[in-house]
> 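My questions will all concern the structure given below.
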Amino acid sequence: MSEFGLGVWSHNIKDFGGKNELKERIAALADAGFDLVIPCVKGHGRVSYQSKVAHVEAWCKGWDPLETMANEAKKAGLKLHPWL
């Protein structure tokens with residue numbers, strides 16, 4: 001077996017959709033055999049997670065997409081490597 005698995009990169013964590021869509025997409029990736037998700041969590045000076053020091057994207061105020069993705073990835077056995 002190869003030491004390399006299947007990974008998916010996303011230019012923006014927003015590509016995974018809202019909270020329910022994000023959960024469904026993470027589960028679908030795990031079911032398809034992926035083992036690594038690499039979402040971008042910062043763009044144009046704003047972040048896609050809750051922060052006390054950075055400007056937060058308006059679309060994710062009230063929930064934390066990165067936290068949700070991390071929790072769902074862990075449940076599904078996926079590695080998560082967010083990048084800025």
Side-chain angles (χ1 to χ4, degrees):
M1 173 139 211
S2 171
E3 65 182 272
F4 298 104
L6 292 175
V8 63
W9 170 84
S10 172
H11 183 68
N12 191 324
I13 196 171
K14 188 176 181 179
D15 294 343
F16 287 88
K19 193 172 194 175
N20 291 329
E21 292 170 308
L22 191 148
K23 291 178 180 183
E24 292 170 4
R25 291 186 175 151
I26 291 296
L29 288 170
D31 289 345
F34 286 86
D35 59 1
L36 174 64
V37 181
I38 307 169
C40 180
V41 295
K42 179 180 180 268
H44 307 290
R46 300 198 181 281
V47 296
S48 300
Y49 56 87
Q50 299 306 306
S51 173
K52 293 181 181 178
V53 296
H55 296 287
V56 178
E57 290 277 4
W59 69 270
C60 63
K61 290 194 177 175
W63 74 293
D64 190 329
L66 182 57
E67 179 181 39
T68 301
M69 183 176 273
N71 291 336
E72 294 303 313
K74 185 175 182 177
K75 286 182 203 173
L78 297 173
K79 296 174 197 146
L80 181 66
H81 182 84
W83 66 278
L84 304 175

> Does Asp15 offer a backbone N or O that forms a donor-acceptor pair with the side chain of Arg25 under 3.5 Å?
yes
> Which residue, Leu22, Asn12, Leu80, forms the side chain to side chain contact (heavy atoms under 4.5 Å, CB included) with Pro39?
Leu80
> Supply the atom-to-atom distance Phe16 CZ to Leu29 CG, rounded to the nearest 0.5 angstrom.
6.0 Å
> Taking all non-hydrogen atoms of both residues, which atom of Ser48 and which atom of Trp59 are closest, and how far apart?
OG-CZ2, 3.7 Å
> For residues Leu6 and Val8: do they belong to one hydrophobic cluster (side chain heavy atoms under 4.5 Å, members Ile, Leu, Val, Met, Phe, Trp, Tyr)?
yes
> Quick one: closest heavy-atom pair of Ser51 and Val56, and the distance?
N-CG2, 3.8 Å
> First locate atom NE2 of His55, then atom CD of Glu57, and finally report the distance between them rounded to the nearest 0.5 Å.
11.5 Å
> Output the distance between atom CD1 (Ile13) and atom CD1 (Ile38), rounded to the nearest 0.5 Å.
13.0 Å
> Group every Ile, Leu, Val, Met, Phe, Trp and Tyr by side-chain heavy-atom contacts under 4.5 Å, then state whether Val37 and Trp63 land in the same group.
yes
> Hey, could you give me the CD/CG distance between Gln50 and Asp64, rounded to the nearest 0.5 Å?
5.0 Å
> Hey, are the side chains of Val41 and Leu84 touching, using non-hydrogen atoms and a 4.5 Å cut-off?
yes
> Measure from the side-chain N and O atoms of Glu72 to the backbone N and O of Met69, and report whether any donor-acceptor pair falls under 3.5 Å.
no
> I'd like to know if the side chain of Asp35 and the backbone of Leu78 have a donor-acceptor N/O pair within less than 3.5 Å.
no
> Is Leu36 reachable from Trp83 through a run of hydrophobic residues whose side-chain heavy atoms are each under 4.5 Å from the next?
yes
> For Lys42 and Cys40, which heavy atoms make the closest approach, and how far apart are they?
O-SG, 3.0 Å
